[in-house]
Participant: 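What follows is a structure written as C-alpha cells; I'll ask about it next.
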Amino acid sequence: MNYLDRNEFNFEPSPKVVEAVKSFDPQDLCFYTRIYDQGKKSVISVRVSELFGVPEEQVLLTYGGEDMLKNAIHYFLMCGDRKNILIPEYSWWYYNRVASECGGTFEMYPLHEVGDTFAYDVDEVIALTNAKHPRMLLLASPNNPTGNALSATEIGRIMENIPADTMVLVDEAYANFITTDTDYIAPLVNRYANLIISRTLSKFYGLPGLRVGFGFIGKGHDQFISYVNKYLGYNRFSEAVALAALDSDAHYRRVADEMDWGRQLYKRELGPLPGFKVYKSVANFILIKYPLAIKEPLQKALADLDYKIKFMGDKGLEDCLRITLGRKEQTQAVCDTIKRVFNAQA
Ligand SMILES: Cc1ncc(COP(=O)(O)O)c(C=O)c1O
C-alpha cells in the first residue's frame with residue numbers, strides 16, 4: 001500500500017539513522033539513563049538545546065508533537081479558571097479533540113483564502129484573542145491541511161499584543177520544510193513566558209514511528225515542565241536514533257527538494273484543469289481542490305492501485321484532497337490517476 005494520506009515519509013531514513021539502529025547496544029536498554037543525575041532530561045534535550053540555543057531547562061521532550069499538544073492543552077486548560085482554546089479554522093481536527101478530552105471548549109479564528117493560499121489575518125487573531133481572552137491560543141505554522149505559515153515577525157507581533165495569561169502554542173510540526181532558520185526561536189521564548197513552540201521528528205526527519213517530539217517554553221514554568229518530564233528518563237533506543245536524525249539535515253534536505261518536484265508536477269498538470277485549484281504548499285503535503293463529481297471513481301481508481309490519499313471531510317474543504325508528497329513514481333501515479341479519472345468523466 002502507498003500511504004499518502006497521513007503526511008508520513010515515503011523515502012529512506014538517512015544513512016546515519018540506519019547506522020544508529022544497527023549499532024545500538026541492546027545492553028543500554030537494561031538500565032535507565034543516568035543523565036538525570038546531571039540535572040538534564042535526555043541526550044536529546046541536551047542536543048536540541050545546543051542546536052537551538054535555548055537553555056536545556058526550557059526544552060520539552062515528548063512522545064511526538066501529539067504528546068506535546070496533549071500535555072500542554074490538558075495542563076493549561078485544567079489548571080486555572082479558564083478552559084477555552086482558540087484554534088485556526090481548517091486545521092488539524094485533533095486540536096479540538098484534545099481540548100474536549102479535558103472538558104475544554106474551543107472556538108475558531110478564520111483563515112482567509114487569498115489567491116492560491118490561505119492566510120492568517122494577524123490583526124484579527126490579536127483582536128479575537130483580546131476579545132475572547134482564551135486560556136490558550138493555538139497557532140499552526142505551517143498549518144495542516146492548508147499549508148500556510150506565519151513568519152517569526154508575525155508570531156512576535158501576536159505575542160506582543162495579546163494578554164500575557166493566554167498560553168500560546170505554536171505547532172511547528174512542518175516548519176523545517178519552509179526554513180532552515182531557527183534563530184528566531186530563542187529570542188521569542190526568552191521574551192515571552194507564555195509561549196511554547198513545538199517541533200517533531202515525524203515530518204522533515206521522517207520518523208513518525210519513532211515518536212519523538214520536542215519543544216521550547218518561556219521561562220518560569222517549573223511545574224508544567226515537571227508535569228511533562230519523565231523522571232526515569234526517555235526511551236534510550238529512540239534517543240540514539242533521534243540524535244542521528246538531528247545530525248542528518250543534508251539527507252533530509254535532499255528529500256525535501258525531491259518533494260518539490262512533486263509540488264511542481266501537481267501544479268503544472270492539475271492546476272490548469274477546470275474545477276481544480278492547487279494551493280501553495282510549504283510542507284510535505286499539498287492541498288488540491290477538485291471537482292467533487294469525480295470523488296467516487298477517483299477513490300476506486302486509487303484503491304485499485306493501492307494508493308491512499310486524504311479526501312477532506314472538514315467543513316469548507318469537502319472538495320479538497322490532501323496528498324502527501326511522496327517519491328517521484330508515487331506522485332506521478334497519483335497525478336496520472338486523477339487526470340485519467342477526470343478525463344473519463346469530462
Ligand atoms: C499539524 C500537526 N501537528 C502535529 C502532528 C503530530 O505528529 P507527531 O505526533 O507524529 O509528532 C501532526 C501529525 O500529522 C500534524 O499534522
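We count ligands from 1, going down the list as the structure has it; atoms in each ligand are counted the same way. FYI, the numbering just counts along the sequence from 1.
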Participant: In terms of atom number and element, which parts of ligand 1 are under 4.0 angstrom from non-hydrogen atoms of Y95?
Facilitator: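 Answer, ordered by atom number: 1 (C).
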Participant: Less than 6.0 Å separating the ring centroids of F342 and F276?
Facilitator: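 F342 vs F276: aromatic centres under 6.0 Å.
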Participant: If we ignore angles and hydrogens, is there a donor and acceptor under 3.5 Å between the side chains of T179 and D181?
Facilitator: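 Not at all, the side chains of T179 and D181 share no donor-acceptor pair under 3.5 Å.
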Participant: Please state whether the rings of Y279 and F118 are parallel, tilted or perpendicular, taking 30° and 60° as the class boundaries.
Facilitator: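 Geometry flag for F118 against Y279: tilted rings.
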Participant: Say whether N84 and H133, considering side chains only, have a donor N or O and an acceptor N or O under 3.5 Å apart.
Facilitator: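 The answer is no; no qualifying pair exists.
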Participant: Can you tell me which residue and heavy atom of the protein come closest to atom 14 (O) of ligand 1, and the distance to 0.1 Å?
Facilitator: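 Answer for atom 14 (O) of ligand 1: K203 NZ, 2.9 Å.
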Participant: Can you classify the ring geometry of F224 versus Y75 as parallel (below 30°), tilted (30 to 60°) or perpendicular (above 60°)?
Facilitator: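 Taking Y75 first and then F224, their aromatic rings sit tilted (interplane angle of 30° to 60°).
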Participant: Would you check the N or O atoms of E66, main chain and side chain alike, for any that come under 3.5 Å of an N or O of ligand 1?
Facilitator: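 Indeed, backbone or side chain, E66 has an N or O that close.
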Participant: At a 4.0 Å threshold, what atoms of ligand 1 neighbour a non-hydrogen atom of R211?
Facilitator: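 Going through ligand 1 atom by atom, the ones under 4.0 Å from R211 are 8 (P), 9 (O), 10 (O).
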Participant: Would E239 and N235 count as having a side-chain donor-acceptor pair, cut-off 3.5 Å?
Facilitator: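 Distance-only check fails for E239 and N235.
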Participant: Check if D171 has a non-hydrogen atom at a distance under 4.0 Å from any atom of ligand 1.
Facilitator: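 Yes, D171 has heavy atoms under 4.0 Å from ligand 1.
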Participant: Establish, for the pair R199 and F214, whether the NZ or CZ atom is under 6.0 angstrom from the six-membered ring centre and no further than 45 degrees off its axis.
Facilitator: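 Here R199 fails the 6.0 Å and 45° test against F214.
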Participant: Could you tell me which atoms of ligand 1, counted from 1 in the order shown, lie closer than 4.0 angstrom to a heavy atom of T200?
Facilitator: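 Those qualifying, in numeric order: 8 (P), 11 (O).
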Participant: With heavy atoms of A173 as the reference, note each atom of ligand 1 found under 4.0 Å away.
Facilitator: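 Listed by number with element: 2 (C), 3 (N), 4 (C).
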Participant: On a heavy-atom basis, I'd like to know which of S202, G65, G64 is closest to atom 10 (O) of ligand 1.
Facilitator: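 Of the listed residues, S202 has the closest heavy atom.
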Participant: Check if Y174 has a non-hydrogen atom at a distance under 4.0 Å from any atom of ligand 1.
Facilitator: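 Checking ligand 1 against Y174, which is what was asked, there is a heavy-atom contact under 4.0 Å.
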